[in-house]
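Presented below is the structure to which this report refers.
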2 protein chains.
Amino acid sequence: MAAVTIREVAEAAGVSVATVSRIASGSDYPVGARTRERVEAVIEALGYRPNQSATDLSRRDTHLVGVLAPDMANQYYAEVTRGIEDAAHEAGYQVLFSSTDRRKTRAETALEALLRRRVAALIILGGGDEVRLTRKQVASYGTEVVLIGRAGEDFPTVTTDGEQAGQVMAQHFIDLGHRHLAFIAGSRGSTATRLRLSGVRRAARAGGLTAPPVSRGGYTEQGGYRAARDLLANTTARERPTALIAANDRMAIGAMAAAHDLGLSVPDDVALAGFDDTPISAYVRPALTTYSLRSAQLGAEAMQMILDREEGETSIRHRTVDGDIVVRESCGAHRRATTP
Amino acid sequence: MAAVTIREVAEAAGVSVATVSRIASGSDYPVGARTRERVEAVIEALGYRPNQSATDLSRRDTHLVGVLAPDMANQYYAEVTRGIEDAAHEAGYQVLFSSTDRRKTRAETALEALLRRRVAALIILGGGDEVRLTRKQVASYGTEVVLIGRAGEDFPTVTTDGEQAGQVMAQHFIDLGHRHLAFIAGSRGSTATRLRLSGVRRAARAGGLTAPPVSRGGYTEQGGYRAARDLLANTTARERPTALIAANDRMAIGAMAAAHDLGLSVPDDVALAGFDDTPISAYVRPALTTYSLRSAQLGAEAMQMILDREEGETSIRHRTVDGDIVVRESCGAHRRATTP
DNA sequence: TTGTAGGCGTTATCAA
DNA sequence: TTGATAACGCCTACAA
C-alpha cells in the first residue's frame, strides 16, 4: 500500500507531474538534462514505480495476455506456456494464467476475470469442451483470441497437424510389420485425440489392417496403465495387439509399466509409442518413441500472431507448426539402447 | 478496445453511474427492485464488464498475486503454482506469474513488472540466487512476500524440512545395509540441494559411513544421467557406491537410465531414490522410491498465509509442510513390482 | 523545455 | 433509494 505516487515525486523534485511522467515512462519527449538528472535521483531515492493500473487506464491498453489452459501442472501445457511467456516477456507483455481444471464453471469465472482485466489477447490451450466459443461472443470481448491445439475455423489457431501425426505414427508401425494396432485415447471430446485417432485409422485402412481397438486413458499415467492392461490382458497372444499408440507420453509411460507388470517385454511383445516428446521420454527404458510437437514453439507462434495483429495484420490465420516422429527404442525399430 | 463503459450502461438504462456501479459490483447497497432489474437487463444486453484497472485504481487494491519461479515448465514449480492458483481462485485472486529462467536480469525485469502491477502479494519459488532480497528492499515494495522452499528468517516462508528429508532418505538406505552412498546435487546455490545434502551427510556420519561423494546434475534428466555415469563408471565394484540419492526425481530417472545403459541392475547393483514424488515416478520401472513434498500444498499454504496477513495477522511465520518418504522399488526394499 | 488541466473507468462520500 | 461529484494515479494535448 501507500506506494509512492507521481505527485510526490514531482513535489520532491520541484517539477510538475508531467515532467516526471515523461521521464519515468521513458518517453522521448525532450527534457532538460539538469531536470532529468534531478528527477531521476528523486525517483531512485523514493523508489517510485508507476502504477500500472493507472497507466493502463490512461493509455487504454494493458500489456497483458491471458492464458487459459486445462491444467498448468501438465507438462505439455506448462511447456506451451513457457513458450508464450518467453515471447511475451520479450515483447514487454505479462502473462496472466488460469487453469480451468477441465471444469466448465471454473473456466467461465476464469475467463470472466481475464476479460475484466482487459487482457490485450487471450490464448486458449487445449481442445477440451469446458470452454466453448462463438465468433459473435468473442467479438463482444474486444480481445484477440488465439487457439492452440484446437480446431476452429473462426479463430486464429496454432496447431500441429494431428491427423498427419497419427498417420505417420501408425505408418511407422505398419512399416515395421505390425498388423494389430491399438489406440489409447485421452479424454472425451479432445481435439488432439480425435485427430490422432483419425490419422491412425486412415493409415490402418490404407494398409489393409482391421480397425484398431480404442481404450480411453484420460491423458494420465494411471489412465494409460489401465487402458493398456485392458487391451493386453485377457487376450490370447493371437488377438492381442502388437503395437500400442497412446495419445500422449504420460499414458504411454503408464502403458509401458502395465506391459512390464504383465510380464510382457517392450518392444518385443508389445511395441509402444506416445506423443509430445516430454523431456522424460528419452530417459525411460526402453526409451520412448514419440512424436515431437515442439510445444514451446506453439506458444511462441501464438504470441507472434498476436503481435502481428497488433501491427495491423487482420486476417484469420492458421499456423501449423511441424511435428516430427522421434524414433527411440519402444517401437522396436532399433535393437540396442542408445546413449543420449 | 472500445469495451462498454459504466457510463454507457447508465445512459442506456436512464440511471446514474453510481447506481450501475452498485449493481455491477455486487455491493449490498440498497437499490430499488425495478431499477435493478432494468439495469441488469442492460448490462446483459450490452455485455458490460467492469474494467478491472479502473476498479483497482479506485479501490487501491488489486486482487493479484505475483509468482516468480525459475521455470514454470518444471514439474515441481508447476505443481506448486497449481496449488497457489487453486487457493487464489477460491479467494477471488488472480495469479500473474513469471519465469526467471534462473537469470538475474530477467528476474529483475519480471519482479519490476510485478511490482508495477501492485500485486497484493508476491510469492517467490525456489532457492536459487537469481533473486536476492533484503528486508529493507522489500519494505519499500509495500507488498506481502512469501518464500517457498527457501530459507530466509526475515520473511514468511513455507518449506519442507529439507535436512530432515535428506536424513530420512539416507537413513532408509543405511537401514537397508548400504555403506556406500553417493549424492547427485541440483544446481549450485540451491537451498534444496544444500539442505538435503546436509541431511544425507548427517545420517552418513551418524551411521559411521565415509562422506558420500557428490556429483552435480542441474536438476535435469540429462544432468542426472551424466552425474550417475560419472559416479558409476570407471570404478571398481568395490569402490562404486551402492546407493544413489538424487536431489530430485528428474535426475533420479536420468540416473536410472545411466545405470541401465551401464548394464547395472536397479536396485540390485545400485539402489536409487529421488525427491518430489513426481506423477511419473510411480510408473517408471523399477518404480522410483522418492520423497513426497506435497508440492501443491506448499502453494496452498503460502496463499493461505497471505490471506491471513490481509486479515491482520502480522507476525512473520514459517510454515513447514510435512513430507514423506514413498518407498517403491528402486531402493530395493521390496523385491517384487507392485501394481499401483 | 516546462506546466496546466482534462480524461481514462470505477468507487465512494455526501446530498437530495 | 438515487444522483452528483471528487478522488484513484497516470498520460497527453495544449499553453506558456
- line: ring-ring contact (aromatic ring centres under 6.0 Å, His included) pairs touching residues 115-138 of chain A, sequence neighbours excluded, are none

message: Quick check on C/dC8: is either OP1 or OP2 less than 4.0 Å from any side-chain nitrogen or oxygen of A/Ser58?
response: no

With A/His63 via ring-ring contact (aromatic ring centres under 6.0 Å, His included) - residues at least two apart: A/Tyr93

First-last contacting nucleotides on DNA chain D - partner chain A, under 4.0 angstrom, heavy atom: D/dG9 to D/dC14

message: Whether the B/Arg118 and A/Gln52 side chains hold a donor-acceptor pair (N or O, under 3.5 Å, no angle test) is what I'd like checked.
response: no

message: Is it the case that the side chains of B/Thr109 and A/His89 hold a donor-acceptor pair, with the cut-off being a distance below 3.5 Å and no angle test?
response: yes

message: Just to be sure I understand the geometry, which residues of residues 108-115 of chain A put a non-hydrogen atom under 4.0 Å away from DNA chain D?
response: none

message: Holding to side chain to side chain contact (heavy atoms under 4.5 Å, CB included), I want the full list of residues that pass it with A/Ala296, two or more places apart in sequence or in another chain.
response: none

query: Roughly, in whole Å, what's the span from CZ in A/Arg7 to P in C/dG3?
result: 15 Å

field: ring-ring contact (aromatic ring centres under 6.0 Å, His included) involving B/Phe97 - partner list, sequence neighbours excluded
entry: A/Phe97

query: Does anything in residues 19-32 of chain B reach DNA chain D, meaning a heavy atom under 4.0 Å, and if so which residues?
result: B/Thr19, B/Arg22, B/Tyr29, B/Pro30, B/Val31, B/Gly32

- line: So side chain to side chain donor-acceptor pair (under 3.5 Å) across residues 67-79 of chain A, not counting sequence neighbours, yields A/Asp71-B/Arg82, A/Gln75-A/Glu79, A/Glu79-A/Ser295

field: Shortest non-hydrogen contact from B/Ala10 toward B/Ser16
entry: CB-C, 3.8 Å

field: Results of side chain to side chain contact (heavy atoms under 4.5 Å, CB included) for B/Glu11 - residues two or more places apart only
entry: B/Arg7

task: Tell me, please, which residues at least two apart from A/Thr134 pass side chain to side chain contact (heavy atoms under 4.5 Å, CB included).
output: A/Lys136, A/Gln137

task: Please state how far atom CD in A/Glu37 lies from atom C1' in C/dT1, giving the value in whole angstrom units.
output: 16 Å

task: May I have all residue pairs that pass side chain to side chain donor-acceptor pair (under 3.5 Å) and include part of residues 39-51 of chain A, sequence neighbours excluded?
output: A/Arg49-B/Glu112

query: Are side-chain heavy atoms of A/Val65 and A/Met303 found at a separation under 4.5 Å?
result: yes

- prompt: Do you see a donor-acceptor pair shorter than 3.5 Å between the side chains of A/Ser315 and A/Glu313?
  reply: yes

- prompt: Of all of residues 42-57 of chain B, which get a heavy atom below 4.0 angstrom from DNA chain D, listed by number?
  reply: B/Leu57

